[in-house]
2 protein chains.
Amino acid sequence: MPFGKPRAERADAVRNREHLLKTAREMLAECGADKVTMDGLAERACLGKGTVFRHFGTRAGIFRALLDADERRFQEQVLSGPPPLGPGAEPIDRLIAYGRARIAYLLDHHVIARAALHRNQPAPVGDPSVTQLHIRVLLQQGAPMPNIAGIAIQLTAALEGPLLLYLSRPDTDEDEPAEIYALLADAWQTLVERLTR
Amino acid sequence: MPFGKPRAERADAVRNREHLLKTAREMLAECGADKVTMDGLAERACLGKGTVFRHFGTRAGIFRALLDADERRFQEQVLSGPPPLGPGAEPIDRLIAYGRARIAYLLDHHVIARAALHRNQPAPVGDPSVTQLHIRVLLQQGAPMPNIAGIAIQLTAALEGPLLLYLSRPDTDEDEPAEIYALLADAWQTLVERLTR
DNA sequence: AGCATAAACGGACTTTACCCCGCTTCATAG
DNA sequence: CTATGAAGCGGGGTAAAGTCCGTTTATGCT
């Protein structure tokens, strides 16, 4: 049986990973993202450093793993939650709702998301196979136009770029998060409405 | 004379910085971005490590400095070059030209730009005070609309996001740069045209 | 249960960014 | 021309990321 079953993951490995994630979340809450170090995490979790690397590969991998759970929940809302975010509403309305929800999500998670960014690796959010595809499909349904693929790339960046690239120091910005949210969410709506008119 | 003259920069410092930048460019061309290390650069330039840090502050600072010269040249083209990129054309045409030129610029520089990205620091390109402002002004002139500020943020991200966030491994992508350019540049044009209609 | 095997673990080791502080050198005033 | 003080320089030191490999342990089979 060479390929069929790659032999299920070992129980202790699962336990350890969960424990590491829990510990990481604690450290994150207590001291902030850049106090979460590989050595520190290993020690606090009472595990070897090698184990941490085995599970996450890189420091950014920890944050990617932390994002993953929430990201999954978010995508679930999109795929099967109530409209207009979930299925059932008009495509354009869903697109607007998607952007608003996504901006809120990224504002909540932008510290982690930013920490998940890593040299020589694509961005940890807006994985082309999910966010971008979703935008593309909705756009196609609601307002067919030439070069949908390119537009979808750019709309994805329009959503996720600001929070990954520019708002990296929310504490030093005097703007309240709520104001930033309103600014970007309204801009997104305007953008989509005018684009698909 | 407490404030008027902060005492001009020392000649040897200028010489050293220039030499460091030159050496960095060489190493970059020969071995790629992540072979450019602080120690390596210092040694090759026959200078102390401390000197490198004094000039650039952080590893990313080197790349930021490398970008700076080209960025300045780029902005010059925009501010006083021939239309439609420079002044003289219709605002919307300038906006389209700006995007196309910017995408080409970022494709050329995306390895450096990516390397200039740094923990806890805003993105090294698309500095709000330049790119974003320019987009905002052109948009205002060519197609006034509500929430220009937000839209400008998102258009900036739409331009710069893809190249910083997603296309981080151009060698592993089977697409030719020329195709990527065409895809994004055309998408930008479509985006702007439909947005300002 | 006992065994074989691959997966998981641990922690020493290497590399690299970044800090620090005593020493040197330049630029300016007298 | 020399003194002086601030800017610049150097390189050793620290901490954290990431690698490696010998050891341990869970699991599936007999």
Side-chain angles (χ1 to χ4, degrees), chain A residues 1-21 23-24 27-28 31-66 114-121 124, chain B residues 1-21 23-24 27-28 31-66 114-121 124:
Chain A
M1 65 195 72
F3 278 138
K5 267 185 299 182
R7 207 184 225 186
E9 198 179 19
R10 264 166 61 165
D12 56 342
V14 175
R15 209 178 331 115
N16 281 339
R17 188 175 48 248
E18 225 117 299
H19 181 222
L20 282 170
L21 285 173
T23 309
M27 294 177 73
L28 187 61
C31 330
D34 38 48
K35 286 291 178 48
V36 178
T37 74
M38 298 309 253
D39 296 281
L41 176 58
E43 189 179 5
R44 178 150 170 176
C46 299
L47 290 169
K49 190 165 33 152
T51 306
V52 181
F53 276 93
R54 155 165 293 267
H55 282 295
F56 304 114
T58 142
R59 187 185 119 92
I62 295 174
F63 297 99
R64 220 192 310 275
L66 287 178
R114 179 86 198 217
L117 221 41
H118 187 70
R119 278 181 141 191
N120 310 331
Q121 246 176 311
Chain B
M1 63 194 73
F3 278 139
K5 267 185 298 179
R7 205 181 227 188
E9 198 178 20
R10 264 165 62 165
D12 56 342
V14 174
R15 208 176 333 112
N16 281 338
R17 188 176 50 248
E18 225 117 298
H19 181 223
L20 282 170
L21 285 173
T23 308
M27 293 178 73
L28 187 59
C31 330
D34 39 50
K35 286 290 177 47
V36 178
T37 72
M38 298 308 255
D39 293 343
L41 176 58
E43 190 179 5
R44 177 150 170 177
C46 300
L47 289 169
K49 206 186 343 178
T51 306
V52 181
F53 276 94
R54 155 164 292 269
H55 282 295
F56 304 116
T58 131
R59 189 186 117 93
I62 295 173
F63 297 98
R64 219 191 311 274
L66 287 177
R114 180 86 200 221
L117 220 41
H118 187 70
R119 278 180 145 193
N120 310 331
Q121 247 177 308

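Since this is a predicted model, take the numbers as computed values, not measurements. The analysis underlying the following values was restricted to heavy atoms, covering all of them including side chains, and did not include hydrogens, waters or symmetry mates. Reminder, nothing fancy here: chain letters follow the sequence lines and each chain counts from 1.
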In whole angstroms, how far is the [atom2] atom of [N] from the [atom1] atom of [X]?
X        : N      : atom1 : atom2 : value
B/Glu43  : C/dA17 : CD    : P     : 13 Å
B/Ile62  : C/dA17 : CD1   : P     : 8 Å
B/Arg44  : C/dT16 : CZ    : P     : 15 Å
A/Phe53  : D/dT19 : CZ    : P     : 7 Å
A/Arg119 : D/dA16 : CZ    : P     : 17 Å
B/Arg54  : D/dA6  : CZ    : C1'   : 10 Å
A/Asp34  : D/dA16 : CG    : P     : 11 Å
B/Leu47  : D/dG12 : CG    : P     : 15 Å

field: B/Arg15 vs B/His118, nearer the 5' end of DNA chain C by closest nucleotide
entry: B/His118
- prompt: Nearest nucleotide by nearest heavy atom, which residue falls closer to the 5' end of DNA chain C, B/Glu9 or A/Glu9?
  reply: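 Checking each residue's closest nucleotide, the 5'-ward one belongs to A/Glu9.
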message: Whether B/Glu43 and B/Lys49 form a salt bridge (side-chain N of Lys/Arg under 4.0 Å from carboxylate O of Asp/Glu) is what I want to check.
response: no
Below the 4.0 Å mark, does [N] have OP1 or OP2 next to a side-chain nitrogen or oxygen of [X]?
X       : N      : value
B/Thr58 : C/dC18 : yes
B/His55 : D/dC9  : yes
A/Thr51 : C/dA8  : no

- prompt: Heavy atoms under 4.0 Å, any strand shown: does B/Ala11 hit a base, just sugar-phosphate, or nothing?
  reply: sugar-phosphate
- request: Using a heavy-atom cut-off of under 4.0 Å over every strand shown, decide if B/Arg59 touches base, sugar-phosphate, or nothing.
  value: sugar-phosphate
- request: Determine whether any donor atom in the side chain of B/Arg10 lies under 3.5 Å from an acceptor atom in the base of C/dA27, or the reverse, and answer yes or no.
  value: no
- request: Measure the spacing between CG of B/Asn16 and OG1 of B/Thr51 and express it to the nearest 0.5 Å.
  value: 6.5 Å
task: Measure the CG-CG distance between A/Leu28 and A/Leu21 for me, rounded to the nearest 0.5 Å.
output: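 One gets 11.5 Å once the value is rounded to the nearest 0.5 Å.
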field: Minimum-distance nucleotide to B/Lys49 side chain [options: C/dG10, D/dG11, C/dC13]
entry: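 Among the listed nucleotides, the one closest to the side chain of B/Lys49 is D/dG11.
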Closest to side chain of A/Met38, choosing from C/dA17, D/dC9, D/dA17: D/dA17
query: Counting distance only, does the side-chain N/O of A/Arg17 pair as donor-acceptor with the main-chain N or O of A/Asp12 below 3.5 Å?
result: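 It does not hold such a pair.
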- prompt: What heavy-atom pair brings B/Val36 and B/Met27 nearest, and what distance separates the two atoms?
  reply: CG2-CB, 4.0 Å
